[in-house]
Amino acid sequence: MSTSAPSPAELDDFRREVADWFTANKPKDPGFLLPQSFMEVGTDEQFYFLRDWQKKIYEAGYLGMAWPKEYGGGGKPQALQDIVTREMVKQKLPFMTNTIGLNWAGPLILNMGTEEQKKAYIPGILSADDIWCQGFSEPDHGSDLGNAQLKATRDGNEFVLNGSKIWTSLGRHAKYMILLARTNPNTNNKYEGLSFFLIPMQIPGIEVQPIKKLTGEYGFNQTFFTDARISESCLIGKEGGGWAVAMATLAFERGAVGGQAGGHSMMSKHVSEVVALAKVARRNGKPAIEDPVIRDQLLQFIIEERSQALNGSRGRIKALNQERPGSLAMSGKLVGSEYQRRLNQFALSLQGSNAAYYVGDPLAYEGGLWQRSYFNAFSATIGGGTSEVQHNIIGERVLGLPKS
Amino acid sequence: MSTSAPSPAELDDFRREVADWFTANKPKDPGFLLPQSFMEVGTDEQFYFLRDWQKKIYEAGYLGMAWPKEYGGGGKPQALQDIVTREMVKQKLPFMTNTIGLNWAGPLILNMGTEEQKKAYIPGILSADDIWCQGFSEPDHGSDLGNAQLKATRDGNEFVLNGSKIWTSLGRHAKYMILLARTNPNTNNKYEGLSFFLIPMQIPGIEVQPIKKLTGEYGFNQTFFTDARISESCLIGKEGGGWAVAMATLAFERGAVGGQAGGHSMMSKHVSEVVALAKVARRNGKPAIEDPVIRDQLLQFIIEERSQALNGSRGRIKALNQERPGSLAMSGKLVGSEYQRRLNQFALSLQGSNAAYYVGDPLAYEGGLWQRSYFNAFSATIGGGTSEVQHNIIGERVLGLPKS
Amino acid sequence: MLDSNKKPTILFSDEQEQLLEVATNFCRDRFPMSETRKRIEAKEDLSKALWDEMAGLGWLGIAVPEEFGGSGLTLAEVVTVVEPMGEHLAGTPLVATTLAAQALLAAGTSAQKETWLPKICEGAIATLALSEPSGDWSLTSLEATATKSGDTLTLKGTKTFVSDAASADLVIASVSYEGKAALVLIEKTQLNNITREIVIDETRRSYRIELDGITVPASALLDISKTEAALAHIEQAACLLLSAEACGGTNGAINVIVEYLKTRKQFERYIGSYQALKHPTVDALLAMEAARSHLYYAATMFGEGIEGEIAVRMAKATSSSALAFASDRAIQFHGGFGFTYDCDAQLYRRRGIWCEAQFGDAAHHRAKLSDMLL
Amino acid sequence: MLDSNKKPTILFSDEQEQLLEVATNFCRDRFPMSETRKRIEAKEDLSKALWDEMAGLGWLGIAVPEEFGGSGLTLAEVVTVVEPMGEHLAGTPLVATTLAAQALLAAGTSAQKETWLPKICEGAIATLALSEPSGDWSLTSLEATATKSGDTLTLKGTKTFVSDAASADLVIASVSYEGKAALVLIEKTQLNNITREIVIDETRRSYRIELDGITVPASALLDISKTEAALAHIEQAACLLLSAEACGGTNGAINVIVEYLKTRKQFERYIGSYQALKHPTVDALLAMEAARSHLYYAATMFGEGIEGEIAVRMAKATSSSALAFASDRAIQFHGGFGFTYDCDAQLYRRRGIWCEAQFGDAAHHRAKLSDMLL
């Protein structure tokens with residue numbers, strides 16, 4: 001797929017080219033507070049702004065650079081794409097909003113899809129013309145994915161869908177959904193009754209209803225299925241083999257396999273921003289950063305944040321991962337999401353009485369970004385397996401402890 | 001049992017009298033590091049020193065003051081005994097070493113024993129002539145008391161004991177043991193097969209073997225029973241009714257009912273001692289107490305320590321315990337024992353490189369008291385139901401959460 | 001304090017006991033969560049009927065001497081009313097009005113007290129304007145000013161987080177006057193530029209007041225010689241009542257968690273049976289119990305010099321942290337539902353951020369305490 | 001550092017990989033826990049056979065240039081030997097000797113280096129005498145002195161925590177000399193008053209040295225002009241190797257916990273199935289992984305100016321805390337057995353206290369880091 005490896009000099013040139021391009025093409029301040037991830041896209045103006053941005057990046061050739069040319073990719077080495085992604089993070093540019101498409105559906109289709117599916121779906125994922133959403137969680141068993149109850153009942157060469165999915169971000173804008181559904185309710189092993197589908201969203205019997213988040217904003221939906229009919233060609237993997245497909249797909253989220261499409265999908269907060277805040281915020285008539293207790297806490301965050309970066313680096317050295325090979329990869333989500341929650345919470349504590357302002361008040365620091373960011377941080381400590389479930393997984397799979 | 005309530009003036013007079021007596025009679029420095037509780041009594045010299053001390057207090061009329069006169073007590077109001085106990089804590093005097101006798105066996109016998117048992121056992125408990133130990137835990141099921149397997153097999157009007165008990169402090173010095181044993185191994189409900197005994201220790205078939213503690217010292221024992229024969233008159237409560245007796249007895253330890261015999265049984269560390277240490281210890285060429293981060297931590301401990309005292313005070317006001325009546329009483333052991341562990345650990349961190357000294361080195365702060373005290377603190381976070389089990393108990397009994 | 005032998009003792013009066021019972025029942029009836037959510041959405045800042053009922057119960061004059069129409073009790077009795085209100089996240093001007101009355105009692109002239117205190121006891125709404133845009137917790141670092149010319153004071157500057165200003169008959173604002181902190185009365189009709197603030201705790205009605213253009217008569221100044229002490233008293237009173245709100249709130253958050261943990265199943269078990277949820281919930285309970293003990297000791301010791309101040313700061317520190325912890329965990333332990341606006345966890349979390357942000361968080365009070373105790 | 005875009009990168013050489021493998025196997029064979037307990041009880045401070053074997057493997061000269069008989073590698077390679085030793089709680093003079101060699105390399109005169117470094121590579125034991133009774137972590141607040149008279153230096157004072165002094169052929173002590181910190185060589189025969197210390201980590205052989213009465217030739221002074229830099233270098237080297245010991249130790253403590261949690265039953269379930277034990281064990285793992293990443297980054301950056309110092313301090317802070325947490329939980333999670341001397345948990349806990357106490361705990365290093373980074 002990729003051509004011969006570029007030389008260090010070529011990489012350097014490319015790095016400069018990319019930096020220049022983004023500097024020249026970075027979007028203007030939209031005049032409203034942008035979301036930090038696709039899960040926070042709550043208004044139409046946010047969505048269209050972000051979709052245009054992704055399209056622009058793709059058209060410039062900076063997205064899907066390492067994906068095959070025949071499906072709309074660039075057919076270039078992954079190293080180039082990684083340079084682009086890093087530059088976007090560095091310049092704090094908006095994220096790629098078709099996140100489910102780029103990080104889950106795309107890699108899944110490239111790995112397991114038919115030639116027809118690849119041709120049909122990949123180009124629209126990259127251009128953001130076709131937005132994807134995910135249908136995994138259900139209202140009654142959030143963490144217990146294997147217990148999914150949405151029914152997909154076979155009727156000739158069609159399936160009839162009945163039930164409901166929750167946390168379908170971008171559901172109102174999505175053209176497609178990756179869906180885990182129960183095709184057989186009578187198996188002994190609950191996992192064997194599940195199948196995995198790529199389904200169209202704009203069909204009769206599918207209704208998307210927005211969920212108001214704890215922030216007071218929108219961004220998630222509940223999706224209701226009432227006798228919605230899809231073709232059996234929507235199946236990916238075997239009928240009854242959905243669990244394995246879902247696990248493979250989730251592996252992209254848990255960090256075990258990197259999203260190769262490129263572009264970042266989440267604007268995490270960094271401790272450097274909190275340090276900047278501590279220089280502005282006041283405590284007892286002085287900048288908060290002069291308070292030794294606050295300095296000590298900042299250092300704890302600085303050290304933790306570097307731990308995460310270093311875990312990434314060490315994870316690539318096999319000799320330093322001999323005893324528990326999956327440990328670093330499996331714990332990345334837990335460590336990162338809890339760090340974000342605590343960092344945001346700490347940032348609030350620096351703001352004195354002004355921590356009590358909220359998004360929209362002119363006196364809120366950075367427009368209330370920190371307040372919202374703290375609340376939204378729970379989407380990562382809860383979604384994709386709560387931190388409590390992550391602890392179980394690591395304890396059982398990495399340390400070999402008995403099941404709870 | 002108690003005469004009419006003393007007037008405030010009488011209490012004041014008594015307080016002065018007691019203070020004077022203890023000031024005049026406090027023991028001299030024995031020349032070796034004393035233990036902090038009966039569980040830490042590791043050498044004969046420690047034991048005899050402490051036994052003599054308890055005897056002296058009793059003979060002065062300052063122990064068992066509120067227990068009935070006919071069994072060797074003082075027959076006086078509890079308020080007087082409480083004044084004595086407080087004064088002993090205040091003057092940091094050694095604890096009463098016959099702790100099991102005073103706090104568990106004594107109250108139990110006074111509540112449930114026959115007239116004969118009361119006459120036989122209570123005086124020796126108070127004078128420390130008869131040391132008591134407890135036989136509850138077994139090696140294979142530390143936290144699972146209801147699963148006790150030591151067999152007490154009826155043979156006519158005797159029981160034959162076989163098995164083993166662990167954590168029998170003072171076992172080598174004890175004349176008697178309170179023992180939970182299985183008289184019927186075939187009940188459907190494991191609790192119904194248990195009986196409770198007051199047994200003599202100096203009989204054939206009982207062997208006491210000291211356990212070396214993590215401190216490197218002694219103080220606990222494992223007690224082995226091999227065809228040891230006791231009379232059925234050793235039973236307290238009904239045969240098969242041992243679980244209820246054990247639970248009543250444990251209530252004394254968990255703090256639900258105060259030990260009325262008086263005298264303190266544990267020399268806890270106080271934050272004031274850590275503050276004193278912080279004034280002596282050096283950090284970067286200055287007293288550690290000038291370090292703002294250390295000051296912040298000291299304040300956290302000061303606030304926590306006061307919480308515990310205030311919980312005691314609030315626990316006595318019914319209107320402030322309406323919603324969850326047992327909450328404060330049930331959580332005292334967990335809160336106090338974890339506090340002690342953390343406080344001792346923090347005290348070590350103040351000592352700079354000298355924290356690495358241990359008991360016996362002339363350069364160890366206070367003879368290595370803090371190092372030993374930190375290790376010994378685990379006896380309370382583990383013994384009498386680990387902190388983890390305490391969390392379960394509080395969650396289930398106070399908050400009504402489902403069983404784990 | 002550091003003498004481990006001096007056992008602190010909480011006192012609890014019959015009046016406290018009665019008020020606690022009445023207020024607990026009142027709040028259960030009048031402030032079910034559905035009502036609290038309605039109040040968030042409501043256009044008007046205040047339910048007049050409820051307010052009149054509270055005035056009728058005598059709650060606005062609990063800590064006002066009988067000569068001014070109050071009950072002649074103390075803030076310790078107010079605590080017993082505010083705590084259950086905190087549990088139910090009630091948003092009323094009770095605390096603001098009580099604190100304003102305290103300011104009048106601490107530094108008001110005879111005329112000011114005689115004019116305003118009886119009105120307050122009967123239901124007039126009063127509030128304090130102490131904070132400023134810097135967000136600093138110090139009540140004496142003031143940018144707002146009052147300048148005298150003849151018999152008139154001209155005010156300048158901005159005051160933030162003024163509770164219920166739109167409904168208030170009286171605002172008492174802190175300003176810098178002749179180089180010192182001063183308190184000045186502003187009546188409803190004199191306010192000309194107030195803006196509703198967007199605050200994280202949506203049960204609150206909070207306003208920003210622009211003082212520019214306001215003039216008041218010189219007689220609107222509170223007694224200058226008593227102002228410094230009055231500000232210290234107000235800070236402690238505010239901390240005490242916020243502690244009561246936070247303690248009650250922590251209890252409310254724990255109730256929300258426990259209810260969910262007892263009824264929600266995952267992996268075929270009630271989630272409350274998982275120690276990963278059960279044990280931190282117990283920790284929240286322990287933190288609440290500790291904070292509540294500090295609260296009632298602070299109520300006992302309130303006004304008793306340095307020991308009173310120590311007790312209040314400890315109450316504020318422990319209660320702020322307890323509510324922060326319990327409400328943060330409340331969101332997490334509700335899983336996906338916790339991430340929705342419909343879940344009550346967020347209401348408590350928002351209240352928790354408010355309680356930490358106003359009048360100093362735990363670290364702030366520990367720093368103050370370390371100077372007093374070490 | 002605070003630039004979130006500069007991704008720090010760990011480098012791991014082939015030599016490191018080979019040494020790590022060899023040392024891991026060596027420690028598994030030579031330092032099973034039964035051997036470690038035997039060493040604690042042993043009368044002699046040292047197993048001569050083992051020491052000779054380690055010298056034979058070239059481990060004493062890893063970071064010594066080839067011209068002095070070493071391998072010419074760096075401390076990054078020493079780390080890979082020390083980490084598995086830490087896991088097995090091995091008590092040997094390897095670290096002490098390595099640090100002494102570093103002191104010679106940093107400030108030794110040509111004659112001193114030529115005399116001592118080849119001997120060290122062949123198995124001579126050397127050690128540093130830096131600490132003093134104050135317990136202060138500052139290496140330059142010295143009470144011990146050296147006074148020159150003619151060609152002789154007279155030493156005075158007390159040095160504490162001198163590892164393996166009784167076996168050492170060479171002690172390098174820090175003293176105050178003409179108002180400045182200096183390092184001075186003391187040979188075995190010149191020591192006249194050493195006392196075995198009672199230390200919490202019983203795998204250590206630690207001595208107190210009384211300098212009073214010792215005289216050495218003036219040529220025993222290390223190069224004064226290089227001493228300040230040498231002490232900074234030694235502090236960092238010591239922190240790096242202690243971090244390696246602590247990381248390895250944390251892994252060992254986790255293994256002890258996991259083994260027990262998988263085999264011990266309570267209430268008819270394996271105790272490892274209880275989240276109250278499982279989840280904190282995972283937290284210990286996460287802390288160990290973070291510390292280990294910092295350790296190998298510190299090894300990568302060692303000696304690279306301020307970035308190197310930052311990396312070392314972070315490694316020391318994270319590894320000390322990780323071992324403290326894991327070993328404290330190891331005792332608790334063993335229940336009653338954890339309270340016995342027979343349980344290995346206490347061995348790790350004692351090592352943990354040692355590692356925090358020597359060369360600064362996490363708070364100490366965070367304070368230093370905050371001055372560098374904020």
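Naming: A, B, ... by sequence-line order, numbering from 1 per chain. All values below were derived from every heavy atom in this structure, side-chain atoms included, with hydrogens, water molecules and symmetry-related copies excluded.
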Under 4.5 Å, counting heavy-atom pairs only, tell me which of Gln345(A), His391(A), Glu217(A) racks up the most with chain C. Gln345(A)
Can you tell which of Gly352(A), Ser353(A), Ser349(A) has the highest number of heavy-atom pairs within less than 4.5 Å of chain C? Ser353(A)
Could you tell me which portion of [X] (side chain, backbone, both or neither) has an atom closer than 4.5 angstrom to a non-hydrogen atom of chain A?
X	result
Arg366(C)	neither
Phe337(C)	backbone
Arg204(C)	neither
Leu347(C)	neither
Gln332(C)	both

Looking only at heavy atoms and a cut-off of under 4.5 Å, which of [options] has the most pairs with chain A?
options	answer
Thr195(C), Ile331(C), Asp361(C)	Ile331(C)
Glu268(C), Arg329(C), Arg196(C), His334(C)	Arg329(C)
Glu197(C), Arg208(C), Gln275(C)	Arg208(C)

Are [X] and [Y] linked by a side-chain donor-acceptor pair shorter than 3.5 Å?
X	Y	value
Thr203(C)	Arg351(C)	yes
Ser379(A)	Lys213(A)	no
Gln371(A)	Gln351(A)	yes
Tyr274(C)	Glu388(A)	no
Ser387(A)	Glu338(A)	yes

What is the distance from atom [atom1] of [X] to atom [atom2] of [Y], rounded to the nearest 0.5 Å?
X	Y	atom1	atom2	value
Ser243(C)	Phe359(C)	OG	CZ	11.5 Å
Ser327(C)	Arg349(C)	OG	CZ	4.0 Å
Trp370(A)	Phe346(A)	CH2	CZ	10.5 Å

Pick one of side chain, backbone, both or neither for [X], based on which atoms fall under 4.5 Å of a heavy atom in chain C.
X	result
Asn376(A)	both
Val359(A)	backbone
Tyr374(A)	side chain

Do the side chains of Lys286(A) and Asp291(A) get close enough for a salt bridge, i.e. N-O under 4.0 angstrom? no
